[in-house]
Amino acid sequence: MSAFKRKRGGQAPGNKKAKKAKFVADTSEAPKENEQEKTHEITVPAPVSQGKWKNKERVLIFSSRGINYRTRHMMQDLRTMMPHSKSDTKMDRKDKLFVVNEVCEIKNCNKCIFFEAKKKQDLYMWIANSPHGPSAKFLVQNIHTLAELKMTGNCLKGSRPLLSFDPKFDSEPHFAVLKELFTQTFSTPRYHPKSQPFVDHVFTFTINDDRIWFRNYQIMEEDAALVEIGPRFVLNLIKVFQGSFGGPTLFENPNFTSPNMHRRQIRLAAAARVREKQMVKELQKLKRAGTKEDVTIDVTADVFLTPADETPVLIQTEAPEPKVVKKSKHKAFKRQRMARK
């Protein structure tokens with residue numbers, strides 16, 4: 001059996017760069033004169049990471065005034081899942097969206113997720129790279145919070161997620177921009193002070209029906225199966241801007257229908273159905289009035305009538321004789337009685 005001895009190079013022990021090491025083969029027997037000493041030299045690579053927090057991504061998650069309770073709980077769920085996020089007070093609806101860049105600068109954040117509520121029923125979400133852009137505006141639909149779903153899955157708080165994207169994200173340019181934006185926003189930086197050194201859940205972004213479906217799954221330890229945790233929501237893309245919260249429009253969704261227009265179409269469809277029912281009723285009334293029969297005449301009454309004998313028609317050619325008026329005896333008797341008196 002031959003033993004190997006390693007001889008270190010001239011690198012200092014504290015230096016963590018790539019090192020060179022020599023391995024010399026020693027034999028128990030005496031070396032022969034014709035054989036030379038075999039020396040093998042290899043390079044030991046430096047460690048991948050030295051445990052320092054290099055990726056300084058910080059995400060600001062806040063909203064405007066007028067949001068409902070479901071949106072508030074979903075914001076809290078996102079902050080719980082993303083340990084590199086920060087919060088701020090609600091922004092007044094009268095302020096312009098460019099003020100968000102100043103808020104991000106004050107909070108020392110370079111990414112922002114801003115929820116904008118309109119008419120207390122429509123929710124819009126902005127995902128922006130502050131302050132240079134790009135940014136994207138979405139309509140948020142079908143929101144289900146973590147406490148509302150009551151799923152069986154569970155993950156460690158502060159753990160780093162895996163991001164899974166649909167293959168359709170690589171098919172079109174605006175989806176590729178959104179993929180990079182989602183990657184930088186939702187991925188927890190490595191060695192973040194508030195994160196845990198574990199990867200036990202997955203964020204999935206799936207494109208279906210021209211919308212982006214967000215789901216959160218737990219990775220099971222036994223067989224690597226996925227169990228949904230929550231929350232879940234659907235993002236309907238509206239526009240992609242070159243700047244942060246504005247600027248030139250890079251992409252506009254031609255299939256997007258605003259909530260106001262959608263509600264207007266529903267009202268018009270309901271009114272059209274009512275008008276159709278009224279027209280059907282009027283046509284039925286006209287049809288009944290035109291074909292109405294007289295039910296006062298009995299059509300079976302002529303069944304029992306027998307035809308009478310034909311009588312000759314008499315034509316009078318002479319004038320009729322005058323009638324003789326007889327005097328009343330009663331009146332004469334009355335005159336006699338009156339004369340006697």
Side-chain angles (χ1 to χ4, degrees), residues 59-68 70-79 81-82 85 90-91 93 96-98 100-101 103-104 109-130 133-145 161 163-166 168-169 171-187 203-216 230-263:
V59 182
L60 179 63
I61 303 177
F62 72 118
S63 67
S64 64
R65 297 192 180 276
I67 61 173
N68 53 10
R70 183 174 279 109
T71 306
R72 187 172 65 252
H73 284 279
M74 190 186 72
M75 286 174 50
Q76 187 61 35
D77 294 341
L78 290 178
R79 291 168 184 165
M81 294 186 303
M82 301 164 64
S85 64
K90 295 179 181 179
M91 194 180 72
R93 283 184 285 183
K96 301 295 182 181
L97 290 177
F98 295 102
V100 181
N101 295 326
V103 178
C104 293
C109 296
N110 50 8
K111 297 291 185 297
C112 180
I113 299 178
F114 178 69
F115 292 93
E116 184 180 7
K118 292 184 178 180
K119 294 187 176 181
K120 295 184 179 181
Q121 54 184 348
D122 301 330
L123 181 64
Y124 297 90
M125 184 173 73
W126 288 81
I127 298 180
N129 184 13
S130 178
S135 60
K137 183 179 181 181
F138 303 91
L139 175 66
V140 187
Q141 299 173 332
N142 299 336
I143 300 175
H144 297 281
T145 60
L163 269 65
S164 174
F165 290 93
D166 195 289
K168 294 181 181 179
F169 276 95
S171 60
E172 297 185 14
H174 62 279
F175 283 144
V177 174
L178 293 179
K179 178 181 178 180
E180 186 64 25
L181 195 61
F182 289 153
T183 302
Q184 297 182 13
T185 303
F186 288 94
S187 60
F203 291 165
T204 61
F205 298 90
T206 309
I207 298 176
N208 188 15
D209 194 19
D210 293 331
R211 291 170 173 82
I212 300 174
W213 301 65
F214 175 84
R215 295 292 184 270
N216 183 20
R232 56 166 64 172
F233 53 86
V234 179
L235 301 177
N236 191 358
L237 178 63
I238 302 175
K239 286 184 180 182
V240 178
F241 299 96
Q242 183 178 355
S244 178
F245 296 96
T249 302
L250 300 179
F251 174 78
E252 183 175 359
N253 189 5
N255 300 323
F256 174 73
T257 303
S258 64
N260 294 332
M261 185 61 66
H262 181 66
R263 287 189 289 266

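All figures in this text were calculated on a predicted structure; none of them were measured in a lab.
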Does some side-chain heavy atom of [Y] sit less than 4.5 Å from a side-chain heavy atom of [X]?
X	Y	value
V177	F251	no
L178	F165	no
H174	L250	no
K120	N68	no
K90	I67	yes
T249	V240	no
K111	M82	no
M125	L235	yes

When the aromatic ring centroids of F114 and F62 are compared, is their separation below 6.0 Å?
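Here the rings of F62 and F114 have centres that are less than 6.0 Å from each other.
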
Okay, side chain of [X], backbone of [Y]: is any donor-acceptor separation there less than 3.5 Å?
X	Y	answer
S64	R93	no
N142	F233	no
S135	G243	yes
T204	R215	yes

side-chain contact (heavy atoms from CB on, under 4.5 Å) for V234 and N208? Distances and angles first, verdict last.
CA-CA 10 Å; V234 179; N208 188 15; over 6 Å; no

What's the shortest heavy-atom distance between P134 and F241, and which atoms?
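In terms of heavy atoms, the two residues are closest at CB-O, 3.3 Å.
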
Which heavy atom of C109 sits nearest a heavy atom of V59, and at what distance?
SG-C, 4.2 Å

For F98 and F245, run ring pair (Phe, Tyr, Trp, His ring centres under 6.0 Å): C-alpha distance rounded to whole Å, both residues' side-chain angles, the deciding distance at 0.1 Å, then the answer.
CA-CA 6 Å; F98 295 102; F245 296 96; 8.2 Å; no

Mind checking the [atom1]-[atom2] spacing from [X] to [Y]? Nearest 0.5 Å is all I need.
X	Y	atom1	atom2	answer
S187	L163	OG	CG	6.0 Å
I127	L181	CD1	CG	6.0 Å
I207	L237	CD1	CG	9.5 Å
Q76	T71	CD	OG1	13.5 Å
R72	D77	CZ	CG	12.0 Å
I212	K168	CD1	NZ	11.5 Å

So is K137 actually on top of Y124's ring, under 6.0 Å and inside 45° of the axis?
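The answer is yes; both the distance and angle limits are met.
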
What's the verdict on side-chain contact (heavy atoms from CB on, under 4.5 Å) for N253 and I238, showing C-alpha distance, side-chain angles and the deciding distance?
CA-CA 5 Å; N253 189 5; I238 302 175; 5.8 Å; no

Verify side-chain contact (heavy atoms from CB on, under 4.5 Å) between M91 and V100, making sure each step is shown before the conclusion.
CA-CA 9 Å; M91 194 180 72; V100 181; 3.8 Å; yes

F186/F205 under ring pair (Phe, Tyr, Trp, His ring centres under 6.0 Å): CA gap, chis, key distance, verdict:
CA-CA 11 Å; F186 288 94; F205 298 90; 5.5 Å; yes

When you check the gap from the basic side-chain N to the acidic O, do D209 and R211 get nearer than 4.0 Å?
yes

